[in-house]
Amino acid sequence: MAFSSIQSRFADQVVRAPDAVAVSSAGVRLTYRELDERANRLAHRLRELGVGPEVPVAVLVERSAAVITAFLAIVKAGGYYLPLHSAYPPERQQWIMNQSGGPVLLTDTAMLARGVPAARATIVLDTADQELSTRPASDPGPAAHPDQLAYVMYTSGSTGQPKGVAVTQRDVVTLATDRIWDSGRHQRVLMVAEYAFDVSTYEVWVPLLHGGTVVVAPHGDLDVGTLRRLLVDNEISCVHLTAGLFRVVAEEAPESLAIVREVMTGGDVVAPGAVQRVLDACPGITVRALYGPTETTLFATNSPITAPYRPGSTVPIGRPMDGMRVYVLDDRLRRVEAGVVGELYVTGAGVARGYAGRPDLTAERFVADPFAADATGERMYRTGDLARWTADGLVDFVGRADDQVKIRGFRVELAEVESVLARYAGVAHAVVVARDNEQGDKRLAAYVVPDGPAGEVDVPGLRAHVADALPEYMVPAAFTVLETLPLTPNGKVDRDALPAPDFENVSTYRAPRDATEETLCRIFADVLGVPQVGIDDSFFDLGGQSLLAMRLTLRVEAELGVRVPIAELFDAPTPIQLADLVKQAGGGSRLSA
């Protein structure tokens, strides 16, 4: 494939259909011409601030049309974008900024009010119209070199600090021009993921470089009802849902996906039963299971599934994308036969440059491809995932070979969480493991040993310390204090011998006082997978998170007749508080008091 830059391919779409809608967000509709001119003006301003090849620009805004404008403007200016997750603690945001040399920051008034990291210069996008209007609306040019960086995204790191995956323009264009997008099912794509995660590469660049429309979902977590309305009202043709969210939708409201032509899922193990429920409810759509770490530019393999579907024990992750190859190898880098488990390696056009500023980590994970023709020096990425070939030539995911886990689709290196725990005063040793609950969702459990024989650990203070340093999905749901950690005969921590964590973590129990509170306590316990919940127990202190919150709100609506937005659950996380909201809305238990 002849390479052309992101901005060149976007320019082709502007010429082809300047008045077609490129972005739709909260009533704002930008045509390709309007998006192009907005991005060009911002790109000229970035050039004035010294942005050019290999120069980062940080982005910290609410999910909106501004995200698309910012990304496009940065690559037009020749730089690369450095997306910051709005839910990251300030310490983590500032650390990423410092690692990147203190770049220019693009933000908005909503984020500015919450506090943004220090930057070399800051542009507040939703108040900068007058300033930017004096800049040219023409493309600043020239087009990027194929090996120039497009973005750096930070993921959890095994060394105790996040690591930035450096992805080039060639990588992005290779993904966006894969043949699987030529079906016509990707013309109206819902941007529902956080833009600081790699799924945004698909949600932004695939529709824009094919003349389609990016429909930006409102900022914040979505419930199933809102997702359904967004799909229908915007005539979405394709949506990507993480494996966890896909399972929730499949179990609670699979018919909500009937409007789309394709639903893509991945980021963790895809449940065969969830695929069956969706295809039974929506037999005309395609479910596409995808696999790929951030280091391989989002997707490395894919497996389209259509009705009639008879589920097996697993959902294979499929065959390689265009220009990519995968190997299943043993510990001596030899190919293994079909059915034999080995480590999965990915090579080809989508393999990222490496880790920004970390040549040591790059050399460890990006290794020479011994199977490359003519000893071209091609690299392959060592994923750390275990897989096997099926008899019909598909790749089947088996699990991890190391301590990396997926929590709600997000990569978490347990060592990074352990490093933060160990920095807390009074903690001598710390271990973190992932445990499955009754719904099959993973939750983190922390085990800590006090410093000194008479030492104590302030667990509430420790929880707050971790929450200040790490994203919410990396905060353990349970903290257990032990006198010592169990060890194997060779002196390593025996993780299998750790006691079962107490995910209830209830210090006092207060029984429900009426039928509505009784119903809510039961729903809380069912959703969280715990035996008992009192009226003062917080959903989030008991291990609740966004996917479980979605289940909770659906159950409340079904049993009590009141739809509670997830945002309100954050303000009323206990059964007693939620009961007040239910009663104010005119709902109530169908049980007699």
Side-chain angles (χ1 to χ4, degrees), residues 85 87-96 99 154-165 268 293-294 355 358 360-361 364-365 383-385 399-437 441-452 455-488 490-503 505 540-541 543 545:
H85 195 317
Y88 279 178
E91 175 186 329
R92 191 180 183 91
Q93 292 178 353
Q94 191 63 63
W95 186 90
I96 293 172
Q99 288 294 113
Y154 276 79
T155 67
S156 182
S158 58
T159 61
Q161 297 286 4
K163 55 182 183 286
V165 181
D268 206 343
T294 306
Y355 299 115
R358 293 301 306 268
D360 53 336
L361 290 180
E364 178 184 329
R365 305 300 296 190
T383 68
D385 288 329
R400 286 293 300 176
D402 55 21
D403 289 336
Q404 184 190 112
V405 297
K406 286 289 184 76
I407 303 294
R408 289 142 52 198
F410 302 131
R411 282 168 53 172
V412 175
E413 295 280 0
L414 299 181
E416 183 177 359
V417 186
E418 292 170 350
S419 174
V420 172
L421 289 166
R423 293 203 297 266
Y424 189 68
V427 172
H429 304 287
V431 171
V432 177
V433 298
R435 304 283 193 184
D436 289 330
N437 66 5
D441 298 311
K442 284 186 171 60
R443 292 186 287 183
L444 297 182
Y447 298 85
V448 296
V449 175
D451 188 7
E456 295 183 354
V457 175
D458 174 13
V459 172
L462 178 59
R463 185 192 297 273
H465 162 76
V466 177
D468 286 342
L470 295 174
E472 174 264 337
Y473 61 86
M474 294 178 70
V475 178
F479 292 79
T480 303
V481 180
L482 302 175
E483 291 185 5
T484 59
L485 295 174
L487 301 178
T488 63
N490 63 1
K492 294 185 177 181
V493 175
D494 188 351
R495 295 173 184 266
D496 293 334
L498 291 166
D502 180 11
F503 285 113
N505 198 28
F540 299 103
D541 287 346
Q545 31 81 350

Nearest non-hydrogen partners of [X] and [Y], listed with the distance:
{"X": "Arg435", "Y": "Pro499", "value": "NH2-O, 3.8 Å"}
{"X": "Gly384", "Y": "Arg365", "value": "N-NH2, 3.3 Å"}
{"X": "Tyr88", "Y": "Tyr154", "value": "OH-O, 3.8 Å"}
{"X": "Pro89", "Y": "Leu470", "value": "CG-O, 3.1 Å"}
{"X": "Val431", "Y": "Glu418", "value": "CA-OE2, 3.5 Å"}
{"X": "Leu482", "Y": "Pro450", "value": "O-CD, 3.2 Å"}

Test your reading of the model: is there a side-chain donor-acceptor pair from [X] to the backbone of [Y], 3.5 Å cut-off?
{"X": "Gln93", "Y": "His85", "answer": "yes"}
{"X": "Ser156", "Y": "Glu413", "answer": "yes"}
{"X": "Arg463", "Y": "Ala478", "answer": "no"}

What distance separates Tyr355 OH from Thr294 OG1, expressed to the nearest 0.5 Å? 8.5 Å
To the nearest 0.5 angstrom, please state how far the CG atom of Asp268 sits from the CD1 atom of Ile407. 8.5 Å
Can you list everything that forms a side chain to side chain donor-acceptor pair (under 3.5 Å) with Gln99? Sequence neighbours excluded, please. none
Check each of Arg92, Arg423, Arg411 against Glu416 using the salt bridge (Lys or Arg N to Asp or Glu O under 4.0 Å) test, and report the only one that passes. Arg92
Carboxylate-amine/guanidinium proximity below 4.0 Å for Glu364 and Lys163: no
Does Arg400 form a side-chain contact (heavy atoms from CB on, under 4.5 Å) with Asp385? I'd like the steps, not just the answer. CA-CA 5 Å; Arg400 286 293 300 176; Asp385 288 329; 2.7 Å; yes
For residues 466-475, pull every pair meeting side-chain hydrogen bond (donor to acceptor under 3.5 Å, both in side chains), keeping only residues two or more places apart or in separate chains. Arg408-Glu472
Got Val420 and His465 here, is their nearest side-chain heavy-atom distance under 4.5 Å? yes
Find out whether Leu414 and Leu444 are in side-chain contact, i.e. whether some heavy atom of one side chain is under 4.5 Å from a heavy atom of the other. yes
Partner of Val432 under side-chain contact (heavy atoms from CB on, under 4.5 Å), picked from Val412, Leu421, Val448, Val466, is Leu421
